[in-house]
Protein chains: 2
Amino acid sequence: MRHADQNPDVDQLTLTDVLAALSDPLRVGLVRLLADGEEHNFGDFAVPVAKSTLSHHLKVLNTAGLTWRREEGTRCYIRLRRDDVDARFPDLLDTVLSAADRDDVGGHVTTPGKPAAEC
Amino acid sequence: MRHADQNPDVDQLTLTDVLAALSDPLRVGLVRLLADGEEHNFGDFAVPVAKSTLSHHLKVLNTAGLTWRREEGTRCYIRLRRDDVDARFPDLLDTVLSAADRDDVGGHVTTPGKPAAEC
DNA sequence: TTCGATGTTCGCTGAACATCGAACAACCTA
DNA sequence: TAGGTTGTTCGATGTTCAGCGAACATCGAA
């Protein structure tokens, strides 16, 4: 269940890798969901692709340094690496997320039932 | 000398296309040079690739909506579409250019002799 | 131990992309 | 008219990428 090179070091992040990771609508949709700051796992993403494809996209986000992942038993929890990305590329994530929200980029990425939370 | 679909309309620009165009170090280098706001042509770019490759990259930037091009005789003048991009995706270009400057992304893209200008 | 849930990895495919050199078109100039 | 300059387009080549299903590993629960 482990990736070869997970959670790269902050100073290994490159601008072009981050931009490449964000140049796919599905991945932008994932990042928008992750932008709540919470930890998520696969079940939290309702995407119109096979689970192997979802795994691939989440791996791209992780190796680009956009997400942090942590394993617990058979689940892996994923969270946006906002502070690290902000430290490395100030304002980039905010700017992209704002634009993505305005245009609803990756809007086909939703959450399933998600029981209204806050309880 | 004409491209099929040049200078796309402002509201045709998509976030992911722009980010994809900016996910290549060479193209980021070109954009950094273009960030002076001036018009440039091929001769202004000293890049370590064949001229057909340079043509390709400039076309990618143009179809993504990042540059404006204008033909005059046998030369084509290229300029950054900063106002349009800013209108469509506020702060994005500034943010990316700042990060690119800090990391010197695309630093291998330079200007040749460039006779000190301002005369 | 057996089953279900959760993700990863492994081929595999078709599409897209970066790169080159060569050929071409358009224009300017001598 | 003959060259030279400027940039585009056209194969060709090799790489990367998105996508799938199938197989696998791991864990918790029955």
Using whole Å, report how far NE2 of His108(A) lies from P of dA18(D).
13 Å
Distance, rounded to the nearest Å, where His40(B) contributes NE2 and dG7(D) contributes C1'
17 Å
Kindly say if Lys51(A) contacts the phosphate of dG21(D), meaning a side-chain N or O under 4.0 Å from OP1 or OP2.
no
Go nucleotide by nucleotide along DNA chain D from the 5' end; which of Leu26(A) and Asn41(B) gets its closest nucleotide reached first?
Asn41(B)
Indicate whether OP1 or OP2 belonging to dT8(C) is found under 4.0 Å from a side-chain N or O atom of Arg69(A).
yes
5'-most by nearest nucleotide on DNA chain D - Ala50(A) or Gly43(B):
Gly43(B)
For Asp44(A), what residues pass the side chain to side chain donor-acceptor pair (under 3.5 Å) criterion, not counting sequence neighbours?
His40(A)
Without decimals, in angstroms, what is the distance between Glu71(A) CD and dT9(C) P?
9 Å
Hey, are the side chains of Arg69(B) and Tyr77(B) touching, using non-hydrogen atoms and a 4.5 Å cut-off?
no
Single-linkage hydrophobic cluster, 4.5 Å side-chain cutoff, Phe42(B) and Trp68(B) together
no
Nucleotide dT26(D), atom P - distance to CZ of Phe42(A) in whole Å
17 Å
Taking only distance into account, with no hydrogens and no angle test, what donor-acceptor pairs under 3.5 Å do side-chain atoms of residues 99-108 of chain B form with protein atoms, sequence neighbours excluded?
residue, atom, partner, partner atom, Å
Asp101(B), OD1, Arg32(B), NE, 2.9
Asp101(B), OD1, Arg32(B), NH2, 3.2
Asp103(B), OD1, Arg88(A), NH1, 3.4
Asp103(B), OD2, Arg88(A), NH1, 3.2
Asp103(B), OD2, Arg88(A), NH2, 2.8
Asp104(B), OD1, Arg32(B), NH1, 3.0
Asp104(B), OD1, Arg32(B), NH2, 3.3

Asp94(A): partners by side chain to side chain donor-acceptor pair (under 3.5 Å), with sequence neighbours left out
Arg82(A)
Can you give the dot-bracket line for DNA chain D, where a pair is Watson-Crick or G-U wobble with both atom distances under 3.5 Å, crossing pairs use [ ], and | marks a partner on another strand?
||||||||||||||||||||||||||||||
Do Val109(A) and Leu33(A) make a side-chain contact, defined as non-hydrogen atoms from C-beta onward lying under 4.5 Å apart?
yes
Check nucleotides 15-18 of chain C for protein N or O atoms closer than 3.5 Å to its own N or O atoms and list the pairs.
residue, atom, partner, partner atom, Å
dA18(C), OP1, Arg27(B), NH1, 3.1
dA18(C), OP1, Arg27(B), NH2, 3.1
dA18(C), OP2, His56(B), NE2, 2.5

For Asn41(B), which residues count as a side chain to side chain donor-acceptor pair (under 3.5 Å) partner, sequence neighbours excluded?
none
Closest to side chain of Thr74(B), choosing from dT8(D), dA26(C), dT9(C):
dA26(C)
The side chain of Lys59(A) is closest to which nucleotide in this list: dT9(D), dT8(C), dT9(C)?
dT9(C)
Euclidean distance, atom CG of residue Leu58(A) to atom P of dT8(C) [Å, nearest integer]
7 Å
From the set dG7(C), dC10(D), dC20(D), return the single nucleotide nearest to any side-chain atom of Ser52(B).
dC10(D)
Taking atom C1' of dG7(D) as reference, at what distance in whole Å does atom CG of Asn62(B) sit?
14 Å
Compare all side-chain heavy atoms of Leu58(B) with those of Thr67(B) and state whether any distance is below 4.5 angstrom.
no
Whole angstrom value for the distance that separates P of dG7(C) from OH of Tyr77(A)
8 Å
Could you check how far CD of Glu72(B) sits from C1' of dT5(D), rounded to whole Å?
15 Å
May I ask you to test the Pro8(A)-Arg81(A) pair for a side-chain heavy-atom distance under 4.5 Å?
yes
Test item: Arg27(B) side-chain N/O and His57(B) main-chain N/O as donor-acceptor pair under 3.5 Å:
no
